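Single-structure report; data block below.
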Amino acid sequence: SDLWFNMIREAVAINQNLLVYKVFYFFYFAALGSLVPYLSLYFKHSLLLPAHFVGIILAVKPLCLFVSAPILGTIADKYNKVRTVLLIALFSYIVMNLLVAVVPPVSIDCLSEVHDKLNISHPNDTIHRLHGITKENHVEAGNITSIGNTEMWQEAWLFDLYTEMDPKIYKNAEVVFLVILIITIVGELLGAMSNTLADVATFQNLDNRPQYYGEQRLWGEVGLGVSAFITGCVVQGQYKKQVDICPEDVFDIYRPFFYVNAILMAVALFVSTRFNFQDSDKYVNEKIALFKGLQIFGKIEYLIFAMIALFLGAALGSAETFLFVHLVELGASPSLFSALVAVHCISNVAMYYGSIYFLESIGHMKMLTLGLLIYALRFYYFSAIENPWLVLPIEFLRGLCSASVWCALASYVGTPPRVGATLQGILHGLYYGLGRGLGQLIGGILIRRFGTDPYFCYFALIDFLVMIIVALD
């Protein structure tokens with residue numbers, strides 16, 4: 001009984017010195033969860049951008065992280081300006097999203113006006129045009145013909161219909177795309193380092209207990225889950241009220257989220273001013289140049305670690321990007337996605353907290369090996385199910401290959417004397433930048449050619465082989 005009492009007391013107790021980092025993670029990831037998951041819908045429905053332009057904008061984000069994180073980390077280390085770089089990064093995120101909010105749409109015409117100009121008398125005729133359905137195969141269209149006007153935006157890119165009405169709209173789309181792309185590139189190059197430097201401050205104040213990182217980071221997952229769930233419910237409720245698809249009306253749905261994002265990120269910025277960045281001279285190897293940091297990966301141990309981080313990042317990018325696509329193909333409903341967000345949040349919070357005991361009992365490399373195994377099981381399971389709701393049980397394991405894996409990666413680099421911004425920047429660039437970006441890019445190409453079922457099945461096989469190699473190493 002005393003043992004259980006001590007465990008409960010330790011779980012409830014809050015280290016006042018680390019409270020500021022918990023609060024930062026909560027508001028920082030709540031800011032991201034309030035807007036970022038729905039930016040693609042905003043680009044699609046409010047700005048009316050075509051699919052390939054939206055894909056480019058979203059793909060640029062991890063690439064910017066891969067480029068900027070190691071460079072800004074080196075600058076922060078070399079000139080001992082970690083706090084300054086962090087504040088600039090957070091401020092750039094606020095400005096970037098507020099600027100995106102004022103970019104005008106490609107067209108201000110409502111869908112009903114487009115119907116009138118194209119002589120479309122029934123909403124289903126729009127769907128037939130967008131899906132290439134003619135009167136001859138109208139009967140074979142199946143459930144597509146039952147989709148109503150206000151639900152159609154979940155199925156098709158309206159940009160094609162607007163360009164049919166007025167081919168000059170494509171020129172407008174190119175201008176809007178270029179403006180959004182420039183804002184995104186500049187904002188991400190400056191802002192992508194924010195999470196990295198917050199991790200640096202956290203690890204410095206954990207002293208020689210990097211395994212306790214997950215206990216701080218789990219509050220970010222709580223903030224992300226709460227804000228994403230609330231935003232998703234609001235978006236679904238507002239969409240159901242729409243009787244027409246008008247870019248300006250759709251923007252009215254999303255406008256509050258841009259403001260909420262800015263407010264929450266401003267709170268995170270204020271909290272970050274209370275961070276205690278320790279003198280980097282305390283750590284022998286912290287103030288290192290970028291090229292010297294890269295030379296560390298010339299050692300077999302660190303090279304293997306880097307390759308594992310890269311591969312796990314690709315798996316993360318594939319799971320994040322294409323699981324929902326796969327579930328839509330299986331006929332998933334919006335309520336399933338809401339349930340999935342809740343499951344992911346619960347799983348990640350549990351594993352961020354449990355990572356303390358995993359790291360102490362099995363170590364970093366075995367935890368990464370476990371993460372590879374869980375990815376293999378998840379991906380094969382995705383390819384095998386036919387009912388989308390069956391995805392929920394396996395997704396309770398998600399935390400073992402996302403939260404636990406990231407704790408193992410970050411704490412490995414965050415173990416003194418490896419707690420500098422340079423090495424953390426390289427790690428973030430490999431995992432969240434290049435790795436995630438490659439998973440999205442290569443996955444998109446292969447899925448377009450082979451489909452989601454074969455993609456997940458073969459990725460599971462490759463993942464399992466990589467896991468065996470790592471386990472035998």
Side-chain angles (χ1 to χ4, degrees), residues 24-47 49 53-66 68-69 89-103 180-181 183-196 198 217 219-236 250-251 253-269 313 316-317 319-325 337-338 340-342 344-345 348 402-403 406 428 431-433 436-437 439-440:
F24 172 84
Y25 283 127
F26 179 88
F27 282 103
Y28 177 81
F29 283 96
L32 297 182
S34 68
L35 180 63
V36 174
Y38 308 98
L39 274 179
S40 60
L41 294 177
Y42 172 74
F43 293 147
K44 174 182 177 181
H45 299 150
S46 183
L47 297 187
L49 288 173
F53 283 170
V54 175
I56 293 172
I57 293 171
L58 297 180
V60 157
K61 291 176 176 287
L63 180 61
C64 289
L65 172 61
F66 174 66
S68 70
L90 292 169
F91 183 73
S92 70
Y93 263 166
I94 297 173
V95 174
M96 176 184 69
N97 288 323
L98 289 178
L99 287 177
V100 168
V102 300
V103 176
I180 295 289
L181 185 64
I183 293 173
T184 301
I185 290 176
V186 175
E188 289 290 340
L189 285 175
L190 294 175
M193 193 63 182
S194 52
N195 188 28
T196 306
R217 178 61 179 78
W219 290 99
E221 198 65 33
V222 173
L224 178 68
V226 170
S227 63
F229 183 79
I230 293 174
T231 303
C233 291
V234 172
V235 168
Q236 285 186 38
V250 175
F251 176 65
I253 296 175
Y254 288 99
R255 180 185 285 116
F257 303 137
F258 282 97
Y259 300 150
V260 170
N261 172 270
I263 293 171
L264 292 173
M265 195 63 76
V267 173
L269 188 152
L316 176 71
E320 283 185 342
T321 307
F322 303 115
L323 173 58
F324 279 24
V325 174
F337 296 136
S338 297
L340 207 53
V341 169
H344 287 170
C345 180
N348 282 332
S402 57
W406 177 244
H428 278 74
Y431 183 72
Y432 284 118
R436 177 191 270 177
Q440 295 170 337

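Nothing here was measured: the structure is a model prediction, and the numbers come from that model.
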Worksheet, complete the sentence: All heavy atoms of G225 vs all of C345, minimum pair found to be CA-SG, 3.9 Å
Response to the item:
Closest non-hydrogen contact found for N348 with S402 is OD1-OG, 2.6 Å
Worksheet item: Nearest heavy-atom pair of H344 and E221: which atoms, and what distance?
Response: O-OE2, 4.4 Å
Discussion item. To the nearest 0.5 Å, what is the distance between CH2 on W406 and OH on Y431?
Written reply: 7.5 Å
Worksheet item: What distance separates S227 OG from F26 CZ, expressed to the nearest 0.5 Å?
Response: 8.0 Å
Practice prompt. Mind checking the CD1-CG spacing from I94 to N97? Nearest 0.5 Å is all I need.
Written response: 9.0 Å
Worksheet entry | Partners meeting ring-ring contact (aromatic ring centres under 6.0 Å, His included) with F66 (sequence neighbours left out) | none
Worksheet entry | side-chain contact (heavy atoms from CB on, under 4.5 Å) evaluation trace for N195 with Y25 | CA-CA 9 Å; N195 188 28; Y25 283 127; 4.0 Å; yes
Practice prompt. Would you please indicate yes or no on a ring centroid separation below 6.0 angstrom for Y42 and F258?
Written response: yes
Fill in: Atom pair CG (L35) and CE (M265), whose distance is rounded to the nearest 0.5 Å
9.0 Å
Worksheet entry | Donor on one side chain, acceptor on other, S194 and Y28, under 3.5 Å | yes
Worksheet entry | Exam field: side chain T231 to backbone A228, donor-acceptor pair closer than 3.5 Å | no
Item to complete: Measure the OG1-CD1 distance between T184 and I56 for me, rounded to the nearest 0.5 Å.
Response: 11.5 Å
Fill in: Heavy-atom side-chain proximity of I57 to L49 below 4.5 angstrom
yes
Discussion item. How long is the straight-line distance from CZ of F53 back to CZ of F43, given to the nearest 0.5 Å?
Written reply: 13.0 Å
Worksheet, complete the sentence: When every non-hydrogen atom of I180 is compared with those of V100, the smallest separation belongs to CD1-CG1, 4.0 Å
Fill in: Working for side-chain contact (heavy atoms from CB on, under 4.5 Å), residues L323 and L340
CA-CA 11 Å; L323 173 58; L340 207 53; 4.2 Å; yes
Item to complete: Identify the two heavy atoms, one from L47 and one from V103, that lie closest to each other, and give their separation to 0.1 Å.
Response: CD2-O, 3.4 Å
Worksheet item: In chain order, what residues pass the ring-ring contact (aromatic ring centres under 6.0 Å, His included) check against F322, with sequence neighbours excluded?
Response: none
Worksheet item: Should we say atom CZ of F324 is surrounded by more than 12 heavy atoms from elsewhere, each under 6.0 Å from it?
Response: yes
Worksheet, complete the sentence: In short, L98 meets A262 closest at the heavy-atom pair CD2-CB, 4.0 Å
Discussion item. Once side-chain contact (heavy atoms from CB on, under 4.5 Å) is applied, do any residues pair with V95, and if so which ones, sequence neighbours excluded?
Written reply: F91, L99
